[in-house]
A.B. asks: 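Okay, handing you the structure first.
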Protein chains: 2
Amino acid sequence: MTTSHSTNEAPYELIYWHVIPGRGEHIRLCFVEAGVPYSDTAFTEGGMDVLHAYISDTNTGDELNPPPFAPPILKHGDLVISQTPNILQYLGPKLGLAANGGDDIFRINALALTALDGLSNEVHNCHHPIAIDLYYEDQKEECLRRVKDWVKNRLPKYLGYFERVLSGKASKDGPWLYGGVLTWADLVLFQTLDGTSYFFRKAVAAAKNSGKYGRVFQHYEAVKARPRIAEYLASDRRQKYSNYGVYRYYEELDLVAEE
Amino acid sequence: MTTSHSTNEAPYELIYWHVIPGRGEHIRLCFVEAGVPYSDTAFTEGGMDVLHAYISDTNTGDELNPPPFAPPILKHGDLVISQTPNILQYLGPKLGLAANGGDDIFRINALALTALDGLSNEVHNCHHPIAIDLYYEDQKEECLRRVKDWVKNRLPKYLGYFERVLSGKASKDGPWLYGGVLTWADLVLFQTLDGTSYFFRKAVAAAKNSGKYGRVFQHYEAVKARPRIAEYLASDRRQKYSNYGVYRYYEELDLVAEE
């Protein structure tokens with residue numbers, strides 16, 4: 001039986017789609033902030049063949065690793081894992097993005113999961129409420145109905161939640177979400193709000209102008225101004241949002257909340 | 001500044017809604033299988049007041065813990081954490097449900113997250129595709145459209161995935177998903193398939209009869225036959241599914257896949 005080798009010396013390999021930032025972007029931002037090198041199938045010749053082999057219906061994994069359901073996938077030595085929040089939680093302590101470590105990783109993970117639920121998964125379902133297998137154009141009416149509710153009820157709920165987190169004692173007076181230091185949850189909140197702002201430009205602008213979520217928007221700017229993040233965002237490595245990914249732009253869905 | 005005390009001696013306190021099994025049930029099943037006692041607001045006088053205080057719009061958490069967004073919530077000594085997969089990952093190693101521990105917790109967590117995505121969150125969205133704030137009755141047409149696609153495309157995709165996991169080398173010839181031992185991912189797959197079978201009785205029966213997912217249905221029976229699980233399922237502590245929860249029954253949505 002094979003046993004797991006130390007993975008500490010192994011290279012980090014990200015397996016993710018090309019063309020879109022998507023969920024893989026959360027993992028990229030962790031490496032960028034930490035200044036740690038990684039490979040990325042989005043920019044590697046033959047990268048999509050590697051990806052498709054991992055998620056093939058015939059892949060049953062190996063001795064140590066079950067097959068992944070979907071990308072993003074991280075390979076680190078013998079370890080092959082999938083699921084965005086899971087990969088982030090694995091990397092957080094290794095990249096120095098986990099506050100004091102120990103039980104803090106569960107406090108941070110809860111924040112990251114909540115941002116992903118609200119400002120990524122729920123946003124994705126705003127352009128695919130009926131079926132992920134159908135085109136947006138085949139569910140446009142349902143999208144419009146969903147978006148009207150989402151910008152009115154759900155967007156303020158999540159922004160209000162993170163405003164409360166940032167005002168709480170465990171954040172240690174900000175600007176970061178937890179423990180007075182930047183963690184992977186900060187990078188997740190930044191990226192999910194960035195994508196949500198691309199999709200719902202009018203609703204997010206209205207939320208910003210309302211003054212109700214001052215800490216959340218300061219937090220966004222604080223992450224964006226981190227030197228390595230700022231350099232990355234200005235580079236070619238930062239892929240553009242497009243209508244293949246989680247965060248899209250459809251003018252007819254760019255609505256503000258109705259009274 | 002307060003520092004985190006050892007929580008190993010502290011009681012486990014589950015904070016969750018009463019009346020429905022819901023997402024809290026995944027956490028209960030871990031305690032049950034491990035034979036470890038815990039308290040549960042679903043069965044405690046004043047339990048819902050405790051729950052509402054945690055998720056109140058005015059709760060900003062404490063020195064160590066950000067406020068939770070939603071239940072389930074676990075309190076263990078100084079630690080207060082939320083998000084189902086996060087709580088499960090915290091408990092798994094402590095309750096002896098994490099195979100060899102170490103990096104295995106990330107392999108197991110990926111399986112648990114996938115079962116929760118597919119057979120819990122996607123199923124929930126079958127009765128709330130448009131808005132969680134609206135009643136089912138106000139989005140019935142959209143539900144019907146979503147369900148027709150879901151039973152045709154998504155149910156077989158997830159069942160096929162777990163069949164592959166169970167046939168892979170990392171499962172060590174079954175009946176368990178990973179490493180030849182029962183882990184928290186097994187309990188999650190059991191509970192999500194149990195709930196999905198309640199919602200989509202015809203589609204799951206058809207999948208079972210197809211013979212394509214033999215390992216998945218054997219896995220389900222193997223979990224159900226664990227002595228402590230079997231005793232729990234037969235007891236009053238196992239709450240019934242109802243139309244307030246993730247897993248519901250609407251006759252008009254109980255469809256099989258159309259060719």
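First the proteins, then the strands, lettered A, B, ... as listed; each starts at 1. Atom set for the values below is all heavy atoms of this structure, side chains included, hydrogens, waters and symmetry mates excluded.
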A.B. asks: Please classify the contact between B/K148 and chain A as side chain, backbone, both or neither, with a heavy-atom cut-off of under 4.5 Å.
C.D. replies: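 Nothing of B/K148, per the 4.5 Å heavy-atom cut-off to chain A.
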A.B. asks: Would you mind checking which part of B/E141 comes under 4.5 Å of any heavy atom in chain A, side chain (CB onward), backbone (N, CA, C, O), both or neither?
C.D. replies: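 Contact with chain A: none, neither part.
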A.B. asks: Please rank A/V147, A/T60, A/I130 by heavy-atom pairs under 4.5 Å with chain B and give me the top one.
C.D. replies: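 The residue among A/V147, A/T60, A/I130 with the greatest pair count is A/I130.
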A.B. asks: Measure across B/R145 and A/L134 and return the closest heavy-atom pair with its distance rounded to 0.1 Å.
C.D. replies: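 Smallest interatomic distance, heavy atoms only, reads NH2-CD1, 3.7 Å.
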A.B. asks: Under a 4.5 Å cutoff for heavy-atom pairs, which residue among A/N59, A/T58, A/N125 has the most contacts with chain B?
C.D. replies: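 Option with the greatest count: A/N59.
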A.B. asks: Determine yes or no for a side-chain-to-main-chain donor-acceptor pair under 3.5 angstrom, with A/Y178 supplying the side chain and B/L64 the backbone.
C.D. replies: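 Judged by distance alone, yes, a pair lies under 3.5 Å.
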A.B. asks: Atom CG of A/D103 and atom NE2 of B/H76: how far apart are they, to the nearest 0.5 Å?
C.D. replies: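 Separation between the atoms: 9.0 Å.
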A.B. asks: Looking only at non-hydrogen atoms, find the nearest pair between A/S82 and B/A110 and report the distance.
C.D. replies: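 Heavy atoms only, the tightest pair is O-CB, 3.6 Å.
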A.B. asks: What residue, out of A/E122, A/K157, A/Q139, has the most heavy-atom pairs lying under 4.5 Å from chain B?
C.D. replies: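 It is A/K157.
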A.B. asks: Would you call the rings of B/Y158 and A/F69 parallel, tilted or perpendicular, taking 30° and 60° as the class edges?
C.D. replies: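 Ring orientation, 0 to 90° scale: parallel.
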A.B. asks: For the CD1 atom of B/I105 and the OH atom of A/Y90, what is their distance to the nearest 0.5 Å?
C.D. replies: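 Going from the CD1 atom of B/I105 to the OH atom of A/Y90 covers 11.0 Å.
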A.B. asks: Mind listing the closest non-hydrogen atom pair of A/S56 and B/R164 along with its distance?
C.D. replies: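 Closest heavy-atom pair between A/S56 and B/R164: O-NH1, 3.1 Å.
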A.B. asks: Do you know which of B/I81, B/V80, B/D57 has the most heavy-atom pairs under 4.5 Å to chain A?
C.D. replies: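 Between B/I81, B/V80, B/D57, the count favours B/D57.
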A.B. asks: With a 4.5 angstrom heavy-atom cut-off, which part of B/E163 approaches chain A: side chain, backbone, both or neither?
C.D. replies: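 Neither part, no heavy atoms under 4.5 Å.
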A.B. asks: Given heavy-atom pairs under 4.5 angstrom as the criterion, report whether the side chain, backbone, both or neither of B/I87 touches chain A.
C.D. replies: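 Looking at B/I87, nothing touches chain A.
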A.B. asks: Using a 4.5 angstrom heavy-atom cutoff, name the option from A/D104, A/L113, A/N121 with the most pairs to chain B.
C.D. replies: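 Max contact count across the listed options: A/L113.
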A.B. asks: Around atom CD of A/E137, are there more than 12 heavy atoms of other residues, nucleotides or ligands at under 6.0 Å?
C.D. replies: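 Count over threshold, so yes.
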A.B. asks: So which of A/D117, A/L111, A/L116 actually passes side chain to side chain contact (heavy atoms under 4.5 Å, CB included) with B/Q83?
C.D. replies: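 Single side chain to side chain contact (heavy atoms under 4.5 Å, CB included) partner of B/Q83 among A/D117, A/L111, A/L116: A/D117.
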A.B. asks: Determine the option with the most heavy-atom pairs under 4.5 angstrom with chain B, choosing from A/P67, A/A70, A/G179, A/A131.
C.D. replies: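 If we count pairs closer than 4.5 Å to chain B, A/P67 comes out on top.
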A.B. asks: Evaluate A/N65 against B/R107 for side-chain hydrogen bond (donor to acceptor under 3.5 Å, both in side chains), listing each step before the verdict.
C.D. replies: CA-CA 7 Å; A/N65 301 289; B/R107 298 179 171 108; 2.7 Å; yes
A.B. asks: Look at atom CD of B/E252 and say whether more than 12 heavy atoms of other residues, nucleotides or ligands are closer to it than 6.0 Å.
C.D. replies: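 More than 12 heavy atoms, drawn from other residues, nucleotides or ligands, come within 6.0 Å of this atom.
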A.B. asks: Do you know the tightest heavy-atom contact between A/N86 and B/F106?
C.D. replies: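 The pair with the smallest heavy-atom distance is ND2-O, 2.8 Å.
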A.B. asks: At a heavy-atom distance under 4.5 Å, which candidate from B/V165, B/L177, B/D133 has the highest pair count against chain A?
C.D. replies: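 Of B/V165, B/L177, B/D133, B/D133 has the most heavy-atom pairs under 4.5 Å with chain A.
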A.B. asks: Whether A/K172 and B/E63 form a salt bridge (side-chain N of Lys/Arg under 4.0 Å from carboxylate O of Asp/Glu) is what I want to check.
C.D. replies: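 Salt bridge flag = yes for A/K172 with B/E63.
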A.B. asks: Considering only NZ, NE, NH1 and NH2 on the basic side and carboxylate oxygens on the acidic side, decide whether B/R146 and A/E142 come within less than 4.0 Å.
C.D. replies: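 Salt bridge flag = no for A/E142 with B/R146.
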A.B. asks: Tell me the closest heavy-atom pair linking A/P66 and B/A170, and the distance in Å.
C.D. replies: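 Shortest heavy-atom separation between A/P66 and B/A170 comes out as N-CB, 3.8 Å.
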A.B. asks: What parts of residues 149-156 of chain A touch chain B if we use heavy atoms and a cut-off under 4.5 Å?
C.D. replies: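 Expected list: A/D149, A/N153, A/R154.
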A.B. asks: Taking B/I132, B/T114, B/L166 one by one, which has the highest count of heavy-atom pairs under 4.5 Å against chain A?
C.D. replies: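 Looking at each option in turn, the highest pair count goes to B/T114.
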